[in-house]
Each structure stands twice: as structure tokens, then as C-alpha cells.
Amino acid sequence: MNRLSTADRARIVSVLVEGNSLRATARITGFARMTIEKLLVDLGRACARYQAETLNNLPCKRVQCDEIWSFCYAKAKNVPADKQGQFGYGDIWTWTAICADTKLVVSWLVGTRDAGAAHSFMQDVAGRLRHRVQLTTDGHRPYLNAVEDAFGADVDYAMLVKIYGADPGNETRYSPAVCLGCEIKEITGNPDPKHISTSYVERQNLTMRMHMRRFTRLTNAFSKKVENHAHNVALHFMYYNFGKIHQTLRVTPAMEAGVSDHVWSVEEIVALIG
């Protein structure tokens, strides 16, 4: 990978960020899969480090949070007995927080879906914000204590609890349960009912599934190593926040939030490796 030119690195990354798997990227670019994987590891670390340092003191006013499911190594029911209960085998959850106004992904966490992960995630979210915000999450109960511990009373917080119909588990093909309605629960402060929503963060879930092959359902492109899964997520959000013009904003989310003054090229992103 050290012998790759900046142009070669940019060519590989341009293919990866558009939703191609490692093997598909290898076929398209002509580079070895292990070379591409090494580049992903190095660049993923650099992207995570840069965003951790840069995405601070953000002027967000409305933040939406959600968790998106994926799996690593094997689906939970197929994980070997000697690997049961180990992180990185079976279900993996990516927690995301998005600014509803700038569409900037403020924070993310790859982990489990328990109270510990919720606490770590909300502490990180709270530490990146400049002002008091209106916060909306789904009805996942670990959010309750996590938000209180991270924000205290300095937040206008509401839950949007979706009510689903019967689980279509007896159907022969994949089909999600039907959403029958939503229930709003105001938890802390005085959230504006007009802005109690998780629509933007749920749309971000679709963007993640479209731009990261590892998240695409019903394929064999799932992550085999949780570390590479996290590196891919960091690269995706670097490209999404800094390098991809948002269709409605006409600029990147980072530009809209005031943390960047231009659209980053893929060459600039790969230069983060140093």
C-alpha cells in the first residue's frame, strides 16, 4: 500500500465510498484485495482521528439519534459456540447522531445496543455541542439514563416511539414489520412538538446502507472483522460530512455547519494518512 500513488489511493477510495465491497473494488481498480484492505484500515483510522478532533463546539440546535443494525462474522444464530458473547461476532449496532439543520453527522459509535454503549455515545454527543439542543431519539430505553447523565437538565428531549404491527416472521422473504403509528413522549425540558422527529437520522440509515456494502441486507458482503467495519464507517462519514454535496443544502454538511470552507476532494481525504 505504501507504493500506491495518491492518484491510485484516490481511485480506490472513490470506488469504496460509492457502496462497493472490497472484492468489487479489487475487480474494478485492478488492485489486490489485501492492498485495498490495508488502505481502508489506515485511512479509516485517520478519518476517525480527524473527525474526533474537528467536530467540536458545533452550533447545532436540533439533533436526532438512532441505531442501525448490521452483523459481523456471522448472524447471531450462526455464531460458533466458542465465540458466543464476544463483541465482533453476531449483531453489531452503529449509533448515529445527525444535526437536523446542517445534516452533519455529529457523532457515531460502533458497538452493542446496551446501556454502556448508549452512555458512551451520548457523552460524546453532548461534548461536541456548543448550545442547548432539542434532542429526539427512538424509544430505546437505555437512552433515558444516558441522556440524563450526559446532558442533565440542559436539553429539550423527547422520544418518538413507533408502534409496529405483527412481526412477519412467518413470511418466506425478508419483510420488516409495518409501522402503525407513533407516540411522542416528552422527557426533559420543553421540546417543540413540530421538531420531534427522527426522519433525518432514519434517512441517514438508508444512506449508510447504500454507500457501505457491509450494511446492505441479504448479501454476503457483511463484515468479517469488526475493526474493518469501524474503519469503513469512519471513512463513510468523512466522505459524507466533508466530501459529498448534500442535494438540498447545495454544500457539504461540514460547510453548512461551519467546520469546513470547501468541498473536500477524495485526494484531500486520502492525504489524511500522511
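- Separation of atoms CZ (R9) and OG (S5) is listed at 8.5 Å; rounding is to 0.5 Å.
- Closest heavy-atom contact between A150 and A126: O-CB, 3.8 Å.
- Taking the side chain as every heavy atom from C-beta outward, I245 and V263 approach each other to under 4.5 Å.
- Ring pair F215/H229 is tilted by interplanar angle, where 30° to 60° counts as tilted.
- L43 contributes atom CG, which lies 4.5 Å from atom CD1 of I273 (distance to the nearest 0.5 angstrom).
- From C72, atom SG reaches atom CD of E227 across 7.5 Å, with rounding to the nearest 0.5 Å.
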For this session: Report the C-alpha separation of N228 and E37 in whole Å, then their side-chain angles, then the decisive distance to 0.1 Å, and conclude whether the side chain to side chain donor-acceptor pair (under 3.5 Å) test is met.
Result: CA-CA 8 Å; N228 290 351; E37 183 174 321; 3.2 Å; yes

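- A side-chain donor-acceptor contact under 3.5 Å links Q64 to the backbone of S197.
- Ionic pairing of D101 and R62 is present here: one or more N-O contacts between side-chain nitrogen and carboxylate oxygen are shorter than 4.0 angstrom.
- Here the side chains of T219 and R213 are in contact, with some heavy-atom distance below 4.5 Å.
- Between the side chain of Q51 and the backbone N or O of A234 there is at least one donor-acceptor pair closer than 3.5 Å.
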For this session: Evaluate side chain to side chain donor-acceptor pair (under 3.5 Å) for R203 paired with S199, printing each intermediate quantity in order.
Result: CA-CA 6 Å; R203 179 60 181 81; S199 296; over 6 Å; no

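- The salt bridge (charged side-chain N to carboxylate O under 4.0 Å, His left out) search around D156 returns R132, not counting sequence neighbours.
- The shortest side-chain heavy-atom distance between I98 and V106 does not fall under the 4.5 Å cut-off.
- Taking NZ from K61 and CZ from R130, the interatomic distance works out to 10.5 Å, rounded to the nearest 0.5 Å.
- For the atom pair L249 CG and T102 OG1, the distance stands at 7.5 Å (nearest 0.5 Å).
- The pair E53-R49 fails the salt-bridge criterion, with no side-chain N (NZ, NE, NH1 or NH2) lying under 4.0 Å from an Asp/Glu carboxylate O.
- Contact of the I28 side chain with the R11 side chain is not registered, since no non-hydrogen atoms from C-beta on lie closer than 4.5 Å.
- The stretch residues 8-58 participates, sequence neighbours left out, in these ring-ring contact (aromatic ring centres under 6.0 Å, His included) pairs: Y50-F242, Y50-W264.
- Under the 4.0 Å criterion applied to side-chain N and carboxylate O atoms, K162 and E202 are assigned as salt-bridge partners.
- For R33, the CZ atom sits in a packed shell: over 12 heavy atoms of surrounding residues, nucleotides or ligands are nearer than 6.0 Å.
- The shortest side-chain heavy-atom distance between I187 and M159 falls under the 4.5 Å cut-off.
- Tracing side-chain contacts under 4.5 Å through hydrophobic residues (I, L, V, M, F, W, Y), one reaches V110 starting from I68; they form part of the same cluster.
- The minimum heavy-atom distance between A115 and P142, with the atom names listed, is CA-CB, 3.9 Å.
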Problem set entry | Test log, rule side chain to side chain contact (heavy atoms under 4.5 Å, CB included), inputs F151 and L135 | CA-CA 10 Å; F151 290 92; L135 177 68; 4.1 Å; yes

For this session: Run the numbers on L104 and E256 for side chain to side chain contact (heavy atoms under 4.5 Å, CB included), then give the verdict.
Result: CA-CA 8 Å; L104 183 79; E256 187 73 6; over 6 Å; no

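- No path of Ile, Leu, Val, Met, Phe, Trp and Tyr side chains, each step under 4.5 Å between heavy atoms, connects V41 with V13, placing them in separate hydrophobic clusters.
- With hydrogens and angles ignored, the 3.5 Å screen pairs a side-chain donor or acceptor of W95 with a backbone N or O of T112.
- Annotation for K185: atom NZ does not count as buried by contact number, only 12 or fewer foreign heavy atoms lying within 6.0 Å.
- M255 and Y200 fall into different hydrophobic clusters, where Ile, Leu, Val, Met, Phe, Trp and Tyr side chains are chained together by heavy-atom contacts under 4.5 Å.
- Checking side-chain atoms of T216 against main-chain N and O of R209 turns up a donor-acceptor pair under 3.5 Å.
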Exercise. Under the side chain to side chain donor-acceptor pair (under 3.5 Å) criterion, do Y143 and E67 qualify, and how do the steps go?
Worked result: CA-CA 11 Å; Y143 278 121; E67 327 83 54; 2.7 Å; yes

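- Atom NE2 of H236 is separated from atom NZ of K244 by 8.5 Å, given to the nearest 0.5 angstrom.
- With a 4.5 Å cut-off on side-chain heavy atoms, C47 and R45 do not count as touching.
- Although no hydrogens or angles enter the test, the distance criterion places a donor-acceptor pair under 3.5 Å between the side chain of R128 and the main chain of A52.
- Residues L55 and L235 share a hydrophobic cluster, clusters being chains of Ile/Leu/Val/Met/Phe/Trp/Tyr side chains in contact below 4.5 Å.
- The closest side-chain heavy-atom distance from T198 to D66 is not below 4.5 Å.
- Inter-residue side-chain proximity for D149 and M122 is flagged as unmet; no heavy-atom pair is nearer than 4.5 Å.
- The main-chain N or O of H262 is found under 3.5 Å from a side-chain atom of S260 such that the two form a donor-acceptor pair.
- Side-chain contact of Y157 with T136: a donor-acceptor pair under 3.5 Å is absent, judged by distance alone.
- Contact detail for G139 and V161: the closest heavy-atom pair is CA-CG2, 3.9 Å.
- Using modelled atom types, one side-chain atom of N241 and one backbone atom of V105 make a donor-acceptor pair closer than 3.5 Å.
- Between the side chain of H246 and the main chain of T248, a donor-acceptor pair closer than 3.5 Å is present.
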Problem set entry | Pair S107-D124, side chain to side chain donor-acceptor pair (under 3.5 Å): steps then yes or no | CA-CA 7 Å; S107 176; D124 189 70; 2.5 Å; yes

Ignoring hydrogens and angles, write down the donor-acceptor pairs under 3.5 Å from the side chains of residues 81-91, residues two or more places apart or on other chains.
{"unit_1": "Q84", "atom_1": "NE2", "unit_2": "V79", "atom_2": "O", "d": "2.8"}
{"unit_1": "Q86", "atom_1": "NE2", "unit_2": "D82", "atom_2": "O", "d": "2.8"}
{"unit_1": "D91", "atom_1": "OD1", "unit_2": "W69", "atom_2": "NE1", "d": "2.9"}

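- Between the side chain of S265 and the backbone N or O of E268 there is at least one donor-acceptor pair closer than 3.5 Å.
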For this session: Applying side chain to side chain contact (heavy atoms under 4.5 Å, CB included), run through M212 and V233 and close with a yes or a no.
Result: CA-CA 8 Å; M212 286 184 282; V233 171; 4.1 Å; yes

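- Aromatic ring orientation, Y240 versus F237: perpendicular (interplanar angle above 60°, classes split at 30° and 60°).
- Under a hydrophobic-cluster definition in which Ile, Leu, Val, Met, Phe, Trp and Tyr are linked whenever side-chain heavy atoms come within less than 4.5 Å, directly or via other members, L4 and I36 are assigned to the same cluster.
- Y73 and P80 get closest at one heavy-atom pair: CE2-CD, 3.7 Å.
- For the pair Q134 (side chain) and D192 (backbone), a donor-acceptor distance under 3.5 Å is present.
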Problem set entry | From CA spacing to verdict: side chain to side chain contact (heavy atoms under 4.5 Å, CB included), V133, V155 | CA-CA 6 Å; V133 299; V155 66; 4.3 Å; yes

